Structure formats: structure tokens, C-alpha cells
Amino acid sequence: MGKIFDWIDAKFHVKAPHGGFLQRRLPEGLSYAYCLGGAAFTAYTILLFTGMLLSIYYVPSEHDAYSSILRIQHEVHLGWLIRGMHKWSATILIIFLIGHTLRVFISRAYRPPKELNWVVGVITMVSCFASGFTGYLLPWDQKAYWATEVGTSMAHTIPAIGTYVMYFVRGGIDVDGTTLIRFYSIHVHWLPLGMLALLWMHFHMIKRQGIKRPL
Ligand code: HEM
């Protein structure tokens, strides 16, 4: 492996510019709990890749969404595996995220000068929840429909503007084909793009500020 990499490096000189990025100074005494952020990132990478594969066969329309899911599950080669990986990595991501947030909180790494990275982290966490919520509707079965019906109707309880917020999220009075396309767009375009920007900020700050020394 090393010889192959040296040969590639002789042609492309990849080591030199990335040396600073890959080699970091770390404080002593880090435990496995400090790997939870990296584990969450691994789960997120799997989500992105399997999501891109699913989007090849998924049809975001009122009439075809459910049958396209059945096709992915039963007809497409290894479709069941890619769909299962997408669902499980979403669950695992949330578990790792909760663990990572607890680690950061317990080690008091949310305090200055890292308070902005904590804020970026919270927005990232909310984006992950929003990805889960919008993705849940996409199979377009009874469970998905009623979960979205109940979830979006919660917006109704916001004082004064609740009804308008609910109509805005649904794209109309009821959960229908417009809601499906709206959620699909948010799930596959807006949230992943936003998440990539947020994660870039997160990692940039970690690179500049380093990891906090354990207490
Ligand atoms: C997909 C979401 C996230 C990913 C991939 C991620 C990734 C990482 C990684 C790789 C680190 C380096 C140290 C470690 O792994 O523990 C880190 C540090 C940090 N993260 Fe996250 N993180 C995410 C979400 C969050 C959330 C939700 C919060 C807080 C609410 C947060 C706050 C922080 C802070 C403050 C640090 C600096 C910790 C220190 O210096 O000890 N992150 N993150």
C-alpha cells in the first residue's frame, strides 16, 4: 500500500499540501469518547453516498413514490442493502451525535473560545433532525403520511402565525403531493448542502483551535 502511495505521490505530490491537514498535534490523555465526532462524520458520509444511490431509482411523485420504494426494496440489485444502510446510518448518526454532544459538554469544550463551534454544532444537530423528519415522508406509505400529518400539525400550535407556518411547511392545507416534493427537495438538496457548509465551518474551527485538553 505504501509503495503504491509513494508512486502516486511521485506523480501528483499529494503528501506535501495535505501534510498539514492530516497531521495534527493532539493533547495527551484523549479517550475513545473523542472519536465520537469522527464516528458521526463516518455515518454521515455513508448517508450521503447511499442517498445518492437511492436517488437513482426513487421517484418523488404522489403516484410513483411508493412503487419506486417497492422496486428499490425487491427488484433493484442490492437495493434492499443500500436502503437498509441509509436507514441504519441515520439512526446511528443520531446516537453518535448525542454521545459527541455529551462528550463536548462534559469536557466543557463549549466554553470560550469554542462557543461559536458549539453554536455551529447545535445548528448541525437541528439540520440532522430535519433530515430525518423530511426523509421519513419519502416512502409515502401510511406510516410516513400520518407521521408527517401529526408532525406538521404541531406547527399549528405556534401562537398567531402557527397556521401559516403549517401551510408553508406542507405547501398547502393538507399533506399531499406538493408536501412530498417539498420534503424531497429539502431532504436531498437544501439540507445536505447546508450540512456540508456547516461541517466545513466545524472542522475549520477544530483545525484552527485544536482539541480541548481533557479536564
Ligand atoms: C454531524 C455532526 C457533527 C460532526 C461530524 C462533528 C465532528 C466533530 C469532530 C470530528 C470533532 C473533533 C473531536 C471529537 O471527535 O470529539 C468535533 C469537535 C467539536 N464538536 Fe462536533 N461534530 C458534529 C456535531 C456537533 C454538535 C451537535 C455539537 C454541539 C452541540 C458539536 C460541538 C463540538 C465542539 C465544541 C467541538 C470541539 C471540542 C474540543 O475542542 O474538545 N459538534 N466535532
Side-chain angles (χ1 to χ4, degrees), residues 35-101 121 123-156 165-200 202-203:
C35 298
L36 287 166
F41 184 64
T42 308
Y44 186 67
T45 312
I46 297 172
L47 266 177
L48 269 187
F49 184 63
T50 51
M52 281 162 72
L53 290 177
L54 288 175
S55 74
I56 296 173
Y57 288 98
Y58 179 75
V59 184
S61 96
E62 201 174 351
H63 295 112
D64 302 315
Y66 182 62
S67 53
S68 71
I69 288 285
L70 289 183
R71 191 166 165 235
I72 291 169
Q73 189 71 25
H74 301 293
E75 291 173 30
V76 175
H77 187 56
L78 295 182
W80 59 272
L81 181 66
I82 301 298
R83 189 170 171 229
M85 283 173 75
H86 195 72
K87 278 172 86 170
W88 277 104
S89 46
T91 307
I92 289 167
L93 171 67
I94 300 295
I95 295 169
F96 282 153
L97 266 187
I98 292 170
H100 175 58
T101 309
I123 302 171
T124 311
M125 174 105 87
V126 172
S127 305
C128 285
F129 290 149
S131 296
F133 184 60
T134 49
Y136 205 80
L137 179 67
L138 302 186
W140 202 233
D141 53 12
Q142 285 290 322
K143 199 166 67 159
Y145 181 88
W146 290 108
T148 306
E149 170 76 33
V150 173
T152 51
S153 65
M154 285 179 194
H156 189 60
V165 174
M166 187 179 80
Y167 289 175
F168 177 73
V169 174
R170 288 182 177 178
I173 297 171
D174 298 312
V175 173
D176 58 15
T178 313
T179 323
L180 180 66
I181 293 173
R182 190 161 286 217
F183 275 38
Y184 173 78
S185 169
I186 294 168
H187 187 78
V188 307
H189 299 130
W190 296 98
L191 284 172
L193 266 181
M195 283 280 292
L196 287 179
L198 287 163
L199 287 179
W200 182 84
H202 202 58
F203 293 145

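In this text, all values refer to a predicted model and were calculated from it rather than measured experimentally. Throughout, residue positions are numbered sequentially from 1 according to the sequence presented.
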### Message
What I'd like to find out is whether the side chain of His74 reaches to under 4.5 Å of the side chain of Trp80, using heavy atoms alone.
### Response
no

### Contact list for residues 134-145, test side-chain hydrogen bond (donor to acceptor under 3.5 Å, both in side chains), sequence neighbours left out
Thr134-His187, Gln142-Trp146

#### Entry: Side chains of Tyr44 and Leu48 in contact at under 4.5 Å (non-hydrogen atoms)
yes

### Query
How far does CD1 of Ile72 sit from CD1 of Ile82, to the nearest 0.5 angstrom?
10.5 Å

#### Entry: Partner set under salt bridge (charged side-chain N to carboxylate O under 4.0 Å, His left out) for Glu149, not counting sequence neighbours
Arg170

### Message
Holding to ring-ring contact (aromatic ring centres under 6.0 Å, His included), I want the full list of residues that pass it with Tyr66, two or more places apart in sequence or in another chain.
### Response
none

### Message
Going by side-chain hydrogen bond (donor to acceptor under 3.5 Å, both in side chains), name the pairs with one or both residues in residues 87-99, residues two or more places apart or in two chains.
### Response
none

Donor-acceptor pairs are to be reported for all side-chain atoms of residues 123-130 against protein atoms at under 3.5 Å, with residues two or more places apart or in another chain.
residue, atom, partner, partner atom, Å
Thr124, OG1, Val120, O, 2.7
Ser127, OG, Ile123, O, 2.9

### Message
Once rounded to the nearest 0.5 Å, what's the spacing between atom CD1 of Ile173 and atom CE of Met166?
### Response
8.5 Å

### Task
Name all residues meeting the side chain to side chain contact (heavy atoms under 4.5 Å, CB included) criterion together with Val169; count only those two or more places apart in sequence or in a different chain, and write none if there are none.
Thr152, Val165, Phe183

#### Entry: Side-chain (Asp174) to main-chain (Asp176) donor-acceptor, under 3.5 angstrom
no

### Message
Which residues pass the side chain to side chain contact (heavy atoms under 4.5 Å, CB included) test with Ser67, not counting sequence neighbours?
### Response
Asp64

### Query
By side-chain hydrogen bond (donor to acceptor under 3.5 Å, both in side chains), which residues pair with Thr42, not counting sequence neighbours?
none

### Summary
Interatomic distance, CG@Leu180 vs OG1@Thr148, rounded to 0.5 Å, equals 9.0 Å

### Query
What residues, two or more places apart in sequence or in another chain, satisfy side-chain hydrogen bond (donor to acceptor under 3.5 Å, both in side chains) together with Gln73?
Arg83

### Query
Looking only at atom types and distance, does a side-chain atom of Ser68 sit under 3.5 Å from a main-chain N or O of Val59, one as donor and one as acceptor?
yes

### Message
Tell me whether Tyr57 at atom OH has more than 12 heavy atoms from other residues, nucleotides or ligands lying less than 6.0 Å away.
### Response
no

### Distance in Å, Leu93 CG paired with Thr45 OG1, rounded so as to fall on 0.5 Å steps
10.0 Å

### Query
Taking everything shown except Phe203 itself, do over 12 heavy atoms lie less than 6.0 Å from its CZ?
yes

### Message
Please report the interatomic distance CD1(Ile94) to OG(Ser131), rounded to the nearest 0.5 Å.
### Response
8.5 Å

#### Entry: Residues which pass salt bridge (charged side-chain N to carboxylate O under 4.0 Å, His left out) with Arg182, listed by chain and number, not counting sequence neighbours
none

### Query
Can you tell me how far the CG atom of Leu137 sits from the CD1 atom of Ile181, to the nearest 0.5 Å?
11.0 Å

### Query
What residues, two or more places apart in sequence or in another chain, satisfy ring-ring contact (aromatic ring centres under 6.0 Å, His included) together with Phe96?
none

### Query
Does Thr50 have any side-chain hydrogen bond (donor to acceptor under 3.5 Å, both in side chains) partners at least two apart in sequence or in another chain, and if so, which?
His86

